[in-house]
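Read the structure below first, then the notes.
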Amino acid sequence: DTGVSQDPRHKITKRGQNVTFRCDPISEHNRLYWYRQTLGQGPEFLTYFQNEAQLEKSRLLSDRFSAERPKGSFSTLEIQRTEQGDSAMYLCASRTGTGGRAFFGQGTRLTVV
Amino acid sequence: AQSVTQLGSHVSVSEGALVLLRCNYSSSVPPYLFWYVQYPNQGLQLLLKYTTGATLVKGINGFEAEFKKSETSFHLTKPSAHMSDAAEYFCAVSDQNNNDMRFGAGTRLTVKP
């Protein structure tokens, strides 16, 4: 499978715990994006990388959230001290340069109980 | 920064009827525009995109959209709805430097038999 893959697909955690999600983009894509989607809403931009550089972070990304993309390949999104409001689908996408369409993973559904 | 407004969170049509999903964008620079579809429990899939050139863009499954700069619109249409078109549709915009992509809130399409 040469698409974008995300792991895990589902995560249930207790409030206050830390969680980490992984995204493996399409190998030749230099841009990688993280979005959060809650029920009935469109994907909300969180952050994006060009290669290993994190170029933009949304104000939605509080200091409990951190994302990395070491070596410009896979990326991780960590949420520390999870809150119930963090429950959402976390989507990863990757794309190439000018005009490139974004390919999305199937997302990680986080439930904080 | 770019933004997208999708008019109507829910559209219902009869099978065989015209589908019209509205999208207006805001961008200070020439935009790239996209329509994505999301079926239940699946990731986002690209329907079509506008980058440059012809303003009427044809996509998969019989959908098309027209970029109208004067109206800042990129409405999605399909002449005849099929039951399988029932899904959530998202309009998205990015700048031509391929920086972050922003989504609308989505329109849920219901197709009645």
Side-chain angles (χ1 to χ4, degrees), chain A residues 1-7 9-10 21 23-26 28-51 53-61 67 88-109, chain B residues 1-10 21-25 29-54 57 59-60 65 67 76 87-109:
Chain A
D1 188 332
T2 57
V4 178
S5 62
Q6 292 187 244
D7 182 69
R9 292 289 307 280
H10 304 274
F21 310 141
C23 171
D24 287 273
I26 293 173
E28 61 267 27
H29 288 182
N30 61 349
R31 292 180 187 251
L32 185 149
Y33 301 77
W34 284 100
Y35 292 88
R36 181 173 65 189
Q37 187 178 19
T38 53
L39 195 64
Q41 297 297 315
E44 297 173 295
F45 170 78
L46 293 180
T47 188
Y48 90 98
F49 293 83
Q50 180 170 316
N51 300 313
Q54 188 174 18
L55 296 188
E56 187 172 344
K57 290 172 59 174
S58 165
R59 288 191 302 273
L60 293 173
L61 217 63
M89 176 75 84
Y90 290 83
L91 295 168
C92 176
S94 69
R95 69 198 297 198
T96 57
T98 303
R101 55 165 289 193
F103 289 77
F104 282 82
Q106 291 193 290
T108 295
R109 182 169 295 284
Chain B
Q2 298 84 25
S3 67
V4 170
T5 302
Q6 290 184 242
L7 298 175
S9 60
H10 190 193
L21 306 182
R22 298 177 185 275
C23 172
N24 288 87
Y25 69 91
V29 297
Y32 285 167
L33 294 158
F34 307 82
W35 275 99
Y36 283 85
V37 60
Q38 187 173 38
Y39 298 101
N41 300 316
Q42 294 189 27
L44 289 153
Q45 302 172 36
L46 181 70
L47 274 180
L48 49 78
K49 67 174 183 177
Y50 168 79
T51 53
T52 57
V57 180
I60 61 172
F67 170 58
L76 182 70
E88 187 112 23
Y89 292 80
F90 296 95
C91 183
V93 62
S94 72
D95 65 32
Q96 290 188 2
N97 290 323
N98 222 37
N99 293 323
D100 65 88
M101 186 163 58
R102 304 300 171 108
F103 286 82
T107 298
R108 181 167 296 279
L109 176 66

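Values in this document were obtained by computation on a predicted structure and should not be read as measured data. A, B, ... follow the sequence lines: proteins, then strands. Residue 1 opens every chain.
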List the steps and the verdict of side-chain contact (heavy atoms from CB on, under 4.5 Å) for Met101(B) and Tyr35(A). CA-CA 10 Å; Met101(B) 186 163 58; Tyr35(A) 292 88; 3.3 Å; yes
Phe103(B) and Tyr33(A): ring-ring contact (aromatic ring centres under 6.0 Å, His included), yes or no, with the steps? CA-CA 13 Å; Phe103(B) 286 82; Tyr33(A) 301 77; 9.3 Å; no
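- Here the side chain of Tyr36(B) pairs a donor or acceptor atom with the backbone of Ala102(A) at under 3.5 angstrom.
- For Gln37(A), the part lying under 4.5 angstrom from a heavy atom of chain B is the side chain only.
- Listed by chain and number, the residues in a side chain to side chain contact (heavy atoms under 4.5 Å, CB included) with Gln54(A) are Thr47(A), Phe49(A), Lys57(A), Leu61(A), Ala67(A) (sequence neighbours excluded).
- Contact annotation for Gln38(B): only side-chain heavy atoms (C-beta onward) come within less than 4.5 Å of a heavy atom of chain A.
- For Leu39(A), the CG atom is loosely surrounded, since the number of other residues' heavy atoms within 6.0 Å does not exceed 12.
- Looking at Arg109(A), there are no atoms closer than 4.5 Å to chain B (heavy atoms on both sides), in backbone or side chain.
- Take Asp24(A) and apply the side chain to side chain contact (heavy atoms under 4.5 Å, CB included) test, not counting sequence neighbours, and it matches Ser5(A), Arg22(A), Phe74(A).
- Separating the OH atom in Tyr32(B) from the CZ atom in Arg95(A) is a distance of 9.0 Å, to the nearest 0.5 Å.
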